[in-house]
Amino acid sequence: MTTCKSMHHTARKRMVIKLGGSTLEGLNKAFFENFKKLQDSGVELIITHGGGPAINRELAAQGVESHALNGIRVTSELAIEIVQSTLIGKVNPTLVHQLTTAGIMAVGLNGFDNHLIVANFLDKDVYGFVGEVQSVNTTLLEVLINAGIVPVVACVGADEDGQALNINGDTVASEIALAVNADSLLLVTDVAGIRIEDEYQTEVTPSLIAQWIEQGHIYGGMIPKVQGAIDCLDAGIPSVQIVGDHLLGTTIKTSSSKSLSSL
Ligand SMILES: Nc1ncnc2c1ncn2[C@@H]1O[C@H](COP(=O)(O)OP(=O)(O)O)[C@@H](O)[C@H]1O
Ligand SMILES: CC(=O)N[C@@H](CCC(=O)OP(=O)(O)O)C(=O)O
């Protein structure tokens, strides 16, 4: 019996999906119903999200300055309060509502819950209240997944003193994918994948990505996505995709399977 059960478990696919703030507000019921179908077909889902545009609006409304450096928001003491309340208080429950409306049992979480995301200051002098992930406690995620519940994780970490730290949503997604040993990572954003000189790429390798960053073809918010993708591939997660809201986009692979046709 035990063998049977564990074999069943290892056969299940586990997928981490990150919904970017750039696309979050335009997603409809049909989009979320795709996730319901995935879950019904036996895929274990963990959803993470960002919320850059919502944070920008709230910062502007309160007259708090912030700017990005290498795709990371430089986050002052005033700004972290707004990041925390916007992501955990507004963006996360809105997303949980959309998922539950699509028939998915979903529960909202953030880095504070059962030490889910323990973080250190990345570099306080340069970035302010931005976190670098120190550890991900997967215990709670496993409990929820086993009960058929989809965890929905806001990208706020907590340091050992209980200070909230802002972490890029793509970074949280890849760290969680690594921690739960996901079979795939899907980053949903506002573009249909990586675009190079006006052409969307269907399949790319880490070495091409490094070249494109160097040449400035990949910049800004795309940088934490490809970095997270490469970290996952390096750790053996077989599939990472960056897609638009139609779920079409770029697959990042360690080596191209197109070598014959492209020769
Ligand atoms: N090579 C590239 N291909 C596609 N998008 C890119 C590229 N380089 C930079 N970008 C930018 O990255 C953005 C997506 O990142 P971001 O705005 O942070 O989205 P999200 O909120 O989904 O994390 C795109 O809208 C585009 O402006
Ligand atoms: C440190 C850092 O940059 N945090 C991000 C967190 C939100 C996020 O990542 O949102 P997107 O998914 O929309 O990019 C920020 O403050 O914007």
A.B. asks: Has Asp190 got a side-chain atom pairing as donor or acceptor with Thr23's backbone, closer than 3.5 angstrom?
C.D. replies: no
A.B. asks: Rounded to the nearest 0.5 Å, how far does CG of Asp170 lie from CD1 of Ile242?
C.D. replies: 8.0 Å
A.B. asks: What's the spacing between Thr205 OG1 and Gln211 CD if we round to 0.5 Å?
C.D. replies: 8.5 Å
A.B. asks: Measure the shortest side-chain to side-chain distance between Leu24 and Thr94 over non-hydrogen atoms and say whether it is less than 4.5 angstrom.
C.D. replies: no
A.B. asks: Could you see if Val243 belongs to whatever hydrophobic cluster contains Ile223? Use Ile, Leu, Val, Met, Phe, Trp, Tyr and a side-chain cutoff under 4.5 Å.
C.D. replies: no
A.B. asks: To check you understand the geometry: which heavy-atom pair defines the closest contact between Leu186 and Met15, and what is its length?
C.D. replies: CD2-CE, 3.8 Å
A.B. asks: Under the 3.5 angstrom rule, does the side chain of Thr250 hit a backbone N or O of Gln201 as a donor-acceptor pair?
C.D. replies: yes
A.B. asks: Do Phe31 and Val188 have side chains that get closer than 4.5 Å, going by heavy atoms?
C.D. replies: yes
A.B. asks: Tell me whether Asn120 contacts the main-chain N or O of Gln134 through its side chain, where contact means a donor paired with an acceptor under 3.5 Å.
C.D. replies: no
A.B. asks: Could you check if a side-chain atom of Ile176 sits within less than 4.5 angstrom of a side-chain atom of Leu141, using non-hydrogen atoms only?
C.D. replies: yes
A.B. asks: For a 4.5 angstrom cut-off between non-hydrogen side-chain atoms, does His49 reach Asn92?
C.D. replies: yes
A.B. asks: What are the two closest heavy atoms between Phe129 and Lys124, and how far apart are they?
C.D. replies: CZ-CE, 4.0 Å
A.B. asks: Report the distance from atom CD1 of Ile194 to atom CG of Leu208, rounding to the nearest 0.5 Å.
C.D. replies: 9.5 Å
A.B. asks: Between Phe35 and Leu187, is there shared hydrophobic-cluster membership here, with clusters defined by ILVMFWY side-chain heavy atoms closer than 4.5 Å?
C.D. replies: no
A.B. asks: Is the backbone N or O of Ala79 less than 3.5 Å from a side-chain atom of Ser76, with the two atoms forming a donor-acceptor pair by type?
C.D. replies: yes
A.B. asks: Take Leu116 and Leu140 through the side chain to side chain contact (heavy atoms under 4.5 Å, CB included) test and state the conclusion after the steps.
C.D. replies: CA-CA 8 Å; Leu116 180 55; Leu140 187 55; 5.7 Å; no
A.B. asks: On a heavy-atom basis, which atom in Pro151 and which in Leu45 lie closest, and how many Å separate them?
C.D. replies: CD-O, 3.4 Å
A.B. asks: Let's go through Glu175 and Ile167 carefully: what are the C-alpha distance in whole Å and the side-chain angles of both, what is the deciding distance for side chain to side chain contact (heavy atoms under 4.5 Å, CB included) to 0.1 Å, and is it a yes or a no?
C.D. replies: CA-CA 11 Å; Glu175 291 283 354; Ile167 308 176; over 6 Å; no
A.B. asks: With a 4.5 Å cut-off on side-chain heavy-atom distances among I, L, V, M, F, W and Y, is there a chain of contacts connecting Phe32 to Leu247?
C.D. replies: yes
A.B. asks: Go through the steps to decide whether Leu248 and Tyr200 satisfy the test side chain to side chain contact (heavy atoms under 4.5 Å, CB included), and finish with yes or no.
C.D. replies: CA-CA 10 Å; Leu248 296 173; Tyr200 283 103; over 6 Å; no
A.B. asks: Has Glu81 got more than 12 heavy atoms of other residues, nucleotides or ligands less than 6.0 Å from its CD?
C.D. replies: no
A.B. asks: Mind checking whether Ile46 and Leu38 sit in one hydrophobic cluster, side chains of I, L, V, M, F, W, Y counted as touching below 4.5 Å?
C.D. replies: no
A.B. asks: Considering all heavy atoms of both residues, which atom of Val107 and which atom of Val96 are nearest to each other, and what is their separation?
C.D. replies: C-CG2, 4.2 Å
A.B. asks: Do the non-hydrogen side-chain atoms of Leu87 and Asn110 ever get within less than 4.5 Å of each other?
C.D. replies: no
A.B. asks: Closest approach of Ala173 and Lys18, non-hydrogen atoms and distance?
C.D. replies: CB-CB, 3.6 Å
A.B. asks: Indicate if Ile252 and Ile213 have the same hydrophobic cluster label, given that clusters are the connected sets of ILVMFWY residues with side-chain heavy-atom separations under 4.5 angstrom.
C.D. replies: yes
A.B. asks: Check whether any side-chain heavy atom of Leu122 sits under 4.5 Å from a side-chain heavy atom of Leu165, and report yes or no.
C.D. replies: no
A.B. asks: Just wondering, are more than 12 heavy atoms of other shown residues or ligands nearer than 6.0 Å to NE2 in His115?
C.D. replies: no
A.B. asks: Please test Leu109 against Leu144 for side chain to side chain contact (heavy atoms under 4.5 Å, CB included), starting from the C-alpha separation and ending with a verdict.
C.D. replies: CA-CA 11 Å; Leu109 299 173; Leu144 294 170; 3.8 Å; yes
A.B. asks: Would you compute the distance between atom CD of Gln98 and atom NZ of Lys29 and round it to the nearest 0.5 angstrom?
C.D. replies: 11.5 Å
A.B. asks: Quick one: does Asn70's side chain have a donor or acceptor within less than 3.5 Å of a partner on Ile72's backbone?
C.D. replies: no
A.B. asks: First locate atom CG of Asn114, then atom CG of Asn137, and finally report the distance between them rounded to the nearest 0.5 Å.
C.D. replies: 5.0 Å
A.B. asks: Taking C-beta and beyond as the side chain, do Ser239 and Asp183 meet within less than 4.5 Å on heavy atoms?
C.D. replies: no
A.B. asks: Short question: side chain of Glu44, backbone of Asn146 - any donor-acceptor pair under 3.5 Å?
C.D. replies: no
A.B. asks: Restricting to non-hydrogen atoms, name the atom on Val156 and the atom on Gln84 that form the minimum distance, rounded to 0.1 Å.
C.D. replies: CG2-CA, 4.4 Å
A.B. asks: Please report the interatomic distance OG1(Thr86) to CD1(Ile88), rounded to the nearest 0.5 Å.
C.D. replies: 10.0 Å
